Amino acid sequence: MKLDNSTLTELSVDKPSYRRDEIRVGIVHFGVGGFHRAHQAAYVDRLLEMGLAKDWGICGVGVMPADRKMADVMAAQDGLYTLLLEKPDGTREARVIGSIVDYRYAPDDPEAVIELLAAPSTRIISLTITEGGYNIDNAGGEVNVFGLVADALARRRERGVASPTIVSCDNIEGNGDVARQAFTTYAERRQPGLGEWIGAHTRFPNSMVDRITPVTTPEVIEVVTREFGVDDRWPVVAEPFTSWVLEDDFTEGRPPLEQAGVLLVDDVTPYELMKLRLLNASHQSLCYFGYLAGYRLVDDAASDPLFARFLLEYMDLEATPTLQPVPGIDLPDYKQTLIERFANPGIKDTIARLCFASSDRIPKWLLPVVRENLETGAPVRLSAATVASWARYAEGVDEQGQPIDVQDQLADILVPLAQSQREHPTAFIENTAVFGDLARQPRFVEAYLWALDSLHRDGARATLENLLGKDTP
């Protein structure tokens, strides 16, 4: 049965019991992709089901050409979609999520989006615009997130309307601080004095978000139709685990997120470091070695005892020493749970997805671990090997001689560097825009060159075997 408001009551799947026509928009979200729909929108849906968030419905906004498809699906399905949870034991749960009550494609009517953002009822602007989305010098054309928000906040200032809270839900250390810098800088360029006003009146709480959410495949769409009777053009699939830690710093109120399981804290730093340096950096440690060794699905690689041991040793020996105490978290259990989550056979997350946009991800997730350990004298061998595996992957040819489609915004720069490294072994890490001064750090370079040479000579699997058999310096 097709999915829209007219059929909602007839569906046999778990679905909203609340009246969606009574929900008012209080949150405007940029970047309605799989993660937002599996994470933030699901939390708000939970609150709506409890009768706790009628003023906090979500209006999604798309600005990129690729968002046109989401706009069409949202229009056809009245913002409804199915969240499919794949459990490690092979069973599935599904629920239709109803918290996105409106969607706007900004290029069609930017003025309407600006007015929505400027409306007093919009009290939270949230974002999942990817790690690279905060580069204001590459913000896109005339219609972009920063311009729309800047124009809206200028109107709020002129009209005496309080500024909203801007909540980044992207995987960046200090994501609220990064968002503050980006929005105030862009606004000041656009209208002198506006950036200063935003800095003084707008809150940018940091947050840590966590739920593995792979790309929706035709197989997922078919499962939702076959097993749950829902004809959904764009469902989203995720693991059962979900976490959201959020600094409780809002200008104009917030929904009672703690009632939906969100952890509200004064300082999110320990939690975000834990997630970025354990989960996200471990994904990077897994994906290039995994791809080179012939794996194409994350669960297959993570189920391999050699890869699981590599990840656990990285987390124990190199990442954990750089973390702060994390109140309420059992770190050994968290790390073991990560391996189990990666190995969930129902998720079918692709290694190619983890390899995407490496030049954004590795500098934010892994290189801070390297730099801190270089300063303290702690081990860097495993992290350096991960960087070497990326460099080998970026050559664009796998160990069987098949081409690798390197998807990275810096591919035009990094791939030629990688392809030159058999003659010039440090060429890749000499790119200071990505690596800073790491090519001048002898301990890192020694470990990196050992791993790169081994990858070229012996291949990915043998490199890991030799790496884990060595004493870490």
Side-chain angles (χ1 to χ4, degrees), residues 25-37 39-41 44 58-71 74 79 100 102-119 121-157 161 163-172 174-191 194-199 201-207 209 250-252 357 360-361 364 409:
V25 171
I27 302 169
V28 176
H29 183 83
F30 287 94
V32 178
F35 183 76
H36 168 70
R37 294 188 298 147
H39 192 265
Q40 182 186 358
V44 174
I58 300 169
C59 177
V61 176
V63 297
M64 305 295 288
D67 295 327
R68 172 73 72 179
K69 179 183 176 183
M70 183 62 75
M74 290 281 106
I100 301 178
D102 193 6
Y103 187 95
R104 311 286 180 87
Y105 183 61
D108 285 347
D109 192 349
E111 175 61 26
V113 172
I114 293 168
E115 276 300 307
L116 173 66
L117 294 166
S121 55
T122 297
R123 291 184 280 169
I124 293 175
I125 298 171
S126 56
L127 315 159
T128 43
I129 57 176
T130 77
E131 297 80 25
Y134 295 83
N135 180 357
I136 60 175
D137 293 322
N138 190 32
E142 284 297 310
V143 180
N144 63 70
V145 173
F146 300 103
L148 292 166
V149 172
D151 288 350
L153 295 189
R155 294 183 189 185
R156 292 176 85 119
R157 179 178 64 166
V161 176
S163 190
T165 300
I166 296 180
V167 180
S168 169
C169 297
D170 283 297
N171 280 316
I172 306 172
N175 54 12
D177 300 328
V178 171
R180 176 190 296 276
Q181 179 66 27
F183 279 97
T184 55
T185 301
Y186 190 94
E188 193 65 26
R189 290 180 185 176
R190 199 173 183 93
Q191 187 178 135
L194 180 59
E196 183 179 355
W197 183 88
I198 292 172
H201 294 88
T202 309
R203 298 283 188 271
F204 294 84
N206 291 301
S207 70
V209 296
F250 290 76
T251 51
E252 285 292 286
D360 266 338
R361 295 173 169 185
K364 292 181 174 72
Q409 65 274 24

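In this text, all values refer to a predicted model and were calculated from it rather than measured experimentally. Note: hydrogens, waters and symmetry copies are ignored here, and every other heavy atom, side chains too, is used.
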With rounding to the nearest 0.5 Å, note down the distance linking CD1 in Ile27 to CD in Gln40.
5.5 Å
I need the Asp151 CG to Leu117 CG distance, nearest 0.5 Å.
9.5 Å
How many angstroms lie between CD in Glu196 and NE2 in His201, if you round to the nearest 0.5 Å?
10.0 Å
Residues Asn144 and Tyr186: side-chain donor-acceptor under 3.5 angstrom:
yes
To the nearest 0.5 Å, what is the distance between SG on Cys59 and CG on Leu116?
5.0 Å
Do NZ/NE/NH1/NH2 and the carboxylate oxygens of Asp67 and Arg104 come within less than 4.0 Å?
no
What pair of heavy atoms forms the shortest contact from Thr122 to Pro164, and how long is it?
O-CB, 3.8 Å
Considering all heavy atoms, the nearest Ile166-Val149 contact
CD1-CG1, 4.1 Å
Student check: side-chain heavy atoms of Met74 and Asp102 closer than 4.5 Å:
no
Test ring pair (Phe, Tyr, Trp, His ring centres under 6.0 Å) applied to Tyr105 - qualifying residues, sequence neighbours left out:
none
Do you know which two heavy atoms are closest between Thr128 and Gly31, and how far apart they sit?
OG1-O, 2.6 Å
Residues which pass side-chain contact (heavy atoms from CB on, under 4.5 Å) with Ala106, listed by chain and number, not counting sequence neighbours
Val61, Val63, Val113, Val143, Leu148
Please name the pair of heavy atoms, one in Val161 and one in Ala118, separated by the smallest distance, quoted to 0.1 Å.
CG1-O, 4.2 Å
Nearest 0.5 Å, please: how far is OG in Ser207 from CG in Asp170?
8.5 Å
Any salt bridge between Glu111 and Arg155, counting N to O under 4.0 Å?
yes
Just wondering, are more than 12 heavy atoms of other shown residues or ligands nearer than 6.0 Å to CD in Glu115?
yes
Decide whether Asp360 and Thr130 meet the rule of one side-chain donor and one side-chain acceptor closer than 3.5 Å.
no
How are the rings of His36 and His29 set to each other: parallel, tilted or perpendicular (split at 30° and 60°)?
parallel
Which of Val167, Val44, Val28 passes side chain to side chain contact (heavy atoms under 4.5 Å, CB included) with Ser126? It is Val167
For a side chain to side chain contact (heavy atoms under 4.5 Å, CB included) check, start with the C-alpha distance between Arg157 and Gln191, then their side-chain angles and the critical distance, and finish with the verdict.
CA-CA 12 Å; Arg157 179 178 64 166; Gln191 187 178 135; 2.6 Å; yes
Derivation of the side chain to side chain contact (heavy atoms under 4.5 Å, CB included) call for Asp177 and Phe204:
CA-CA 7 Å; Asp177 300 328; Phe204 294 84; over 6 Å; no
Got a sec, which residues hit side chain to side chain donor-acceptor pair (under 3.5 Å) with Thr185, two or more places apart in sequence or on another chain?
Gln181
Are the charged groups of Arg68 and Asp108 less than 4.0 angstrom apart, N to O?
yes
So, using salt bridge (charged side-chain N to carboxylate O under 4.0 Å, His left out) as the criterion, who are the partners of Arg123 when residues are at least two apart?
none
Measure the spacing between OG1 of Thr202 and CZ of Arg180 and express it to the nearest 0.5 Å.
7.5 Å
State whether the side chain of Asn175 and the backbone N or O of Asn206 hold a donor-acceptor pair below 3.5 Å, judged by distance alone.
no
Identify the two heavy atoms, one from Trp197 and one from Leu153, that lie closest to each other, and give their separation to 0.1 Å.
CZ3-O, 3.7 Å
Identify the heavy atoms of Phe146 and Ala182 that sit nearest to each other, and give their distance.
CE2-CB, 3.6 Å
Run the side-chain contact (heavy atoms from CB on, under 4.5 Å) test against Thr251 and tell me which residues pass, sequence neighbours left out.
Thr165, Arg203
Listed by chain and number, what are the ring pair (Phe, Tyr, Trp, His ring centres under 6.0 Å) partners of Tyr103, not counting sequence neighbours?
none
